[in-house]
Amino acid sequence: MHSRIFSYIITFPFEQLGWGLRKLSLHSTACNISAILFYILICLTPCLLFLYLKKRKKLLKSDFFLPVLSIMLFAVIYYMINPGLLKSSVPGTGKILLGSTFYSVFFGYVILRILEECSLADTERLKLWLRTLLGAVIFLFFYAILTEGFENLSLSFQNLKEAAGNEDINLTTSYVFLILQCITNIIPYVLAVFILFTSIRSLNELLLDRYSDASAAAMEKLASLCTKSLIIAVVSGMIFNILQLLFHQSLRQINMVVSIPIYSIAFVLAVLLTTKYIRENQKLKRDNDLFI
């Protein structure tokens, strides 16, 4: 199921475009010419964007990847139109390989351009970019929660039932622990969403006045939330593993996970350091104001 979804996503919309252009070209001579023109126009779209940016004098160094994307589109869509010409040593991976290669270059270009724009942007522009990025991350966390809570859990239930077969075994405890595992996996994502919302509010206060009590209080609230979230995530994993150990004789499926949240720890330390830095700056500013 996961492989089918991944295959559909990674080949969209190239496979559909290839199928449509192939059908159109086989209809008549006029339709064949139209299909060729559509094919060329679609593939030249990145180059046209390159020329547009150049004309508007908004061209950046990263935009030189746009002609590369055009060349790749010519190859990707051509093989999607003629899948019989696409041969791979691993059957069924040709289209996925094409889509993956294109998207790796495409998203690489997008990331490089965003970084280049951010390096040239003013404070307000950076604020907009950061809000957009945090919003996208929140969306991804919600997607992860839904995937873990519905798709992965139902798949785990199905695998457990298939593993038990026709044996007359009580699977209630195993089902309960699969639900507990799902909750344990979801907790970090839920906490991360709260952290990101708090981060956005803290960012607004900092940009408004980084020396104000409100900005310092917002950062302290964020630091406290990050610390508590990390504790909750770590402790929930510990409790789940201990419960599995206690009930292991009643379980048909055991998932022991030992995780070391290095990135989370680094993020918490960074927030704590930033909070202390803001407080110290605030104190220095007040001392200077009194001295003046």
Side-chain angles (χ1 to χ4, degrees), residues 1-53 60 62-117 132-133 135-159 162 185 189:
M1 184 175 181
H2 288 280
S3 60
R4 289 200 301 271
I5 294 174
F6 174 76
S7 176
Y8 177 81
I9 293 173
I10 209 69
T11 59
F12 180 86
F14 311 116
E15 188 173 11
Q16 291 74 16
L17 281 172
W19 180 84
L21 290 172
R22 184 172 64 253
K23 289 291 184 182
L24 181 63
S25 65
L26 295 174
H27 193 269
S28 65
T29 303
C31 289
N32 183 41
I33 295 172
S34 299
I36 293 172
L37 292 175
F38 278 128
Y39 166 65
I40 294 172
L41 181 61
I42 291 169
C43 296
L44 287 177
T45 301
C47 279
L48 295 175
L49 178 59
F50 178 87
L51 295 174
Y52 172 79
L53 292 171
L60 301 177
S62 55
D63 291 323
F64 284 93
F65 276 100
L66 288 171
V68 177
L69 288 173
S70 274
I71 295 171
M72 293 185 70
L73 277 176
F74 274 106
V76 170
I77 298 178
Y78 176 79
Y79 281 110
M80 291 295 185
I81 295 172
N82 305 283
L85 300 177
L86 187 61
K87 296 180 181 180
S88 175
S89 57
V90 182
T93 61
K95 292 180 179 180
I96 295 175
L97 182 62
L98 286 173
S100 301
T101 305
F102 177 83
Y103 278 122
S104 66
V105 177
F106 173 75
F107 285 115
Y109 158 69
V110 171
I111 293 169
L112 291 174
R113 197 177 204 286
I114 289 173
L115 288 174
E116 197 170 355
E117 279 200 5
T132 305
L133 179 61
V137 174
I138 290 172
F139 172 79
L140 291 175
F141 280 141
F142 273 121
Y143 175 77
I145 291 169
L146 293 175
T147 302
E148 188 68 40
F150 293 97
E151 187 175 348
N152 292 352
L153 184 60
S154 62
L155 187 61
S156 298
F157 280 176
Q158 183 181 346
N159 291 338
E162 290 176 356
N185 293 339
Y189 295 123

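Quick note: residue numbers are just sequence positions, from 1.
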When rounded to the nearest 0.5 Å, the distance separating CG of Asn82 from CG of Leu21 is 10.5 Å
Please check if the side chain of Thr45 supplies one atom and the backbone of Ile42 the other of a donor-acceptor pair under 3.5 Å. yes
Any side-chain heavy-atom pair of Leu66 and Leu69 under 4.5 Å: yes
One should read off an interatomic distance between Leu53 CG and Leu49 CG, to the nearest 0.5 angstrom, of 4.5 Å
Distance check, rounded to the nearest 0.5 Å: Phe14 atom CZ versus Leu98 atom CG? 9.5 Å
For Phe106 and Phe102, take the angle between the two ring planes, folded into 0 to 90°, and tell me which bin it lands in: parallel under 30, tilted 30 to 60, perpendicular over 60. parallel
Neighbour count above 12 (heavy atom, 6.0 Å) for Tyr109 OH: yes
Rounding to 0.5 Å, atoms CD1 (Ile71) and CG (Leu44) come to a distance of 10.5 Å
Quick check: do Leu17 and Tyr39 have side-chain heavy atoms less than 4.5 Å from each other? no
When rounded to the nearest 0.5 angstrom, what is the spacing between CG in Leu24 and CG in Asn32? 8.0 Å
Counting only heavy atoms not in Tyr79, do more than 12 fall under 6.0 Å of its OH? no
Quick one: does any side-chain atom of Tyr103 pair with a main-chain N or O of Thr11 as donor and acceptor, under 3.5 Å? no
So, applying side-chain contact (heavy atoms from CB on, under 4.5 Å) with Met80, which one of Gln16, Lys95, Arg22 is it? Lys95
Nearest 0.5 Å, what's the CD1-CG distance between Ile114 and Leu60? 11.5 Å
Is it the case that atom CZ in Phe38 sees more than 12 heavy atoms from other parts of the structure closer than 6.0 Å? no
Partners of Arg113 by salt bridge (Lys or Arg N to Asp or Glu O under 4.0 Å), sequence neighbours excluded? Asp63, Glu117
Test item: Ser70 and Cys43 side chains (from C-beta on) under 4.5 Å apart, heavy atoms: no
Kindly assign one of parallel, tilted or perpendicular to the pair Phe141 and Tyr189, based on the angle between their ring planes and the thresholds 30° and 60°. tilted
Indicate, with yes or no, if the rings of Phe64 and Phe50 have centres closer together than 6.0 Å. yes
